[in-house]
Amino acid sequence: MPATTPWLIAGLGNPGPDYSGNRHNVGFMVADLLAGRTGGRFKSHKAGRAQVLEGRIGIPGTTSTRVVLAKPMSYMNVSGGPVKALLDFYGIGTDRLLVVHDELDIDYGTLRLKLGGGDNGHNGLKSLTKLLGRDYYRVRFGVGRPPGRMQVADYVLKDFSSTERKELDYFVDRAADACESLITDGLERAQSTYNT
């Protein structure tokens, strides 16, 4: 892949105001913050059901990296279709795909950066992996396990608790930093900083 090829950063979530504060939508939250940093705005894209923003990330005054930020506007369970359509449209390989998603098996606010792996029951990742294979980068944002006997689906489709919201902005900001670091510094350096 030529160095001029952009990266695609796909934040996973569900479209619409009813879902905006859900744990499952933390990928959208990180994508929105990254969009704010670029100074751009998301627009509907003709290639797939997605909101897209083309921009650059990196420290001002240094070499910046072209990125396409995307929020699939399909529901989480079928995120793979819009992401694949965007990869095809921009000529981007999975070696330059970074997916940001919620992760149940990690404590709230904890990040894990990795390349490849399973879907761990995450339907958004299942959809992506089915169409693209496993070898794409991930920023996994911990949301913790549901309390008591609460069903997983109910838990991820609930808003963050009032206690969690007190630190949510900080954790979303850190996840956005991790995305930038992975792209500009490489996976290993980013992992050493953000895999807490």
Side-chain angles (χ1 to χ4, degrees), residues 1-3 5-15 22-31 34 45 47-52 57 65-107 110-145 152-153 155-157 174-196:
M1 197 71 44
T5 302
W7 279 76
L8 177 64
I9 303 175
L12 300 188
N14 285 309
N22 290 180
R23 292 180 179 91
H24 227 15
N25 270 42
V26 75
F28 276 15
M29 296 173 195
V30 174
L34 286 167
H45 196 275
R49 289 169 309 180
Q51 294 283 316
V52 169
I57 61 168
T65 303
R66 286 177 61 214
V67 294
V68 178
L69 298 173
K71 297 190 295 183
M73 291 289 113
S74 61
Y75 284 91
M76 177 69 85
N77 297 2
V78 287
S79 301
V83 172
K84 183 178 186 319
L86 291 171
L87 290 173
D88 292 344
F89 179 85
Y90 287 100
I92 302 171
T94 53
D95 61 324
R96 284 182 175 252
L97 170 61
L98 173 55
V99 176
V100 187
H101 64 90
D102 58 304
E103 179 64 59
L104 288 165
D105 287 337
I106 302 174
D107 290 340
T110 300
L111 300 176
R112 291 283 184 274
L113 284 61
K114 67 186 270 191
L115 171 62
D119 56 57
N120 204 21
H122 191 291
N123 289 327
L125 296 181
K126 220 174 262 185
S127 174
L128 284 162
T129 298
K130 182 177 176 185
L131 293 175
L132 303 170
R134 299 169 180 262
D135 294 331
Y136 50 89
Y137 292 95
R138 300 125 190 253
V139 170
R140 302 156 70 209
F141 186 110
V143 295
R145 298 293 305 178
V152 165
Y155 179 70
V156 296
L157 293 176
R174 186 168 163 78
D177 289 347
C179 292
E180 291 186 347
S181 176
L182 191 152
I183 288 171
T184 57
D185 303 326
L187 179 62
E188 284 186 21
R189 281 187 63 184
Q191 283 175 324
S192 69
T193 303
Y194 294 98
N195 279 15
T196 50

Quiz item: Is the backbone of D102 close enough, under 3.5 Å, to the side chain of R23 for a donor and an acceptor to pair up by distance?
Solution: no

Quiz item: Has the side chain of N22 got a donor or acceptor atom that lies under 3.5 Å from a matching backbone atom of L157?
Solution: yes

Quiz item: Could you state the interatomic distance from OG1 (T94) to CG (L131), rounded to the nearest 0.5 Å?
Solution: 12.0 Å

Practice problem: For Y194 and L182, indicate whether the former's side chain and the latter's backbone hold a donor-acceptor pair under 3.5 Å. | Solution: no

Self-check item: Minimum heavy-atom distance between A31 and L69, given as atom pair plus value
Solution: O-CD1, 4.1 Å

Quiz item: Is a side-chain donor-acceptor pair under 3.5 Å present for N120 with D105?
Solution: yes

Quiz prompt | Atom of F141, atom of A175 and distance for their closest heavy-atom approach | solution = CD1-CB, 3.9 Å

Exercise. Nearest 0.5 Å please: distance from the CG atom of D95 over to the CG atom of D135.
Key: 10.0 Å

Quiz item: Which distance, rounded to the nearest 0.5 Å, do you find between the CE of M73 and the CG of N14?
Solution: 9.5 Å

Exercise. Evaluate the side chain to side chain contact (heavy atoms under 4.5 Å, CB included) criterion for residues V99 and L128: first the C-alpha distance (whole Å), next the side-chain angles of each, then the deciding distance (0.1 Å), finally the verdict.
Key: CA-CA 9 Å; V99 176; L128 284 162; 3.9 Å; yes

Quiz item: When you measure from the side chain of N195 to the backbone N and O of L113, does any donor-acceptor pair fall under 3.5 Å?
Solution: yes

Practice problem: Give the minimum heavy-atom separation between P15 and S74, together with the two atoms involved. | Solution: CD-O, 3.3 Å

Exercise. Quick one: pull up CG in D107 and CZ in R112 and give me the separation to the nearest 0.5 Å.
Key: 8.5 Å

Exercise. Report yes if some heavy atom in the side chain of E180 is under 4.5 Å from a heavy atom in the side chain of T65; otherwise report no.
Key: no

Exercise. Give me the ring orientation class for H101 and H122: parallel if the planes are under 30° apart, tilted from 30 to 60°, perpendicular past 60°.
Key: perpendicular

Quiz item: For the residue pair S127 and S79, what are the closest heavy atoms and their distance?
Solution: OG-N, 3.4 Å

Self-check item: From CG (N123) to OH (Y75), nearest 0.5 Å
Solution: 15.0 Å

Practice problem: Would you indicate whether the side-chain heavy atoms of L8 and L98 approach each other to under 4.5 Å? | Solution: no

Self-check item: Minimum side-chain heavy-atom gap L104-Y155 below 4.5 Å
Solution: yes

Quiz item: Side chains of Y90 and T5: is there a donor and an acceptor less than 3.5 Å apart?
Solution: no

Self-check item: Spacing of R66 atom CZ and R96 atom CZ [to the nearest 0.5 Å]
Solution: 9.5 Å

Practice problem: Determine whether more than 12 heavy atoms belonging to other residues, nucleotides or ligands lie under 6.0 Å from atom NZ of K114. | Solution: yes

Quiz item: Would you say D119's side chain and L125's backbone share a donor-acceptor pair under 3.5 angstrom?
Solution: no

Quiz item: Relative to the ring of F89, is the ring of H45 parallel (under 30°), tilted (30 to 60°) or perpendicular (over 60°)?
Solution: perpendicular

Self-check item: Shortest non-hydrogen contact from L111 toward A178
Solution: CD1-CB, 4.1 Å

Self-check item: Derivation and outcome, side chain to side chain contact (heavy atoms under 4.5 Å, CB included), residues Y136 and T129
Solution: CA-CA 9 Å; Y136 50 89; T129 298; 3.0 Å; yes

Self-check item: Minimum heavy-atom distance A50-L86, with the two atoms named
Solution: CB-CD1, 3.8 Å

Exercise. Give the intermediate values and the outcome of side chain to side chain contact (heavy atoms under 4.5 Å, CB included) for residues V152 and R145.
Key: CA-CA 8 Å; V152 165; R145 298 293 305 178; 4.1 Å; yes

Quiz item: Is any side-chain heavy atom of I9 less than 4.5 Å from a side-chain heavy atom of I183?
Solution: yes

Practice problem: Under the side chain to side chain contact (heavy atoms under 4.5 Å, CB included) rule, what do L97 and I92 come out as? Steps first, then yes or no, please. | Solution: CA-CA 8 Å; L97 170 61; I92 302 171; 5.6 Å; no

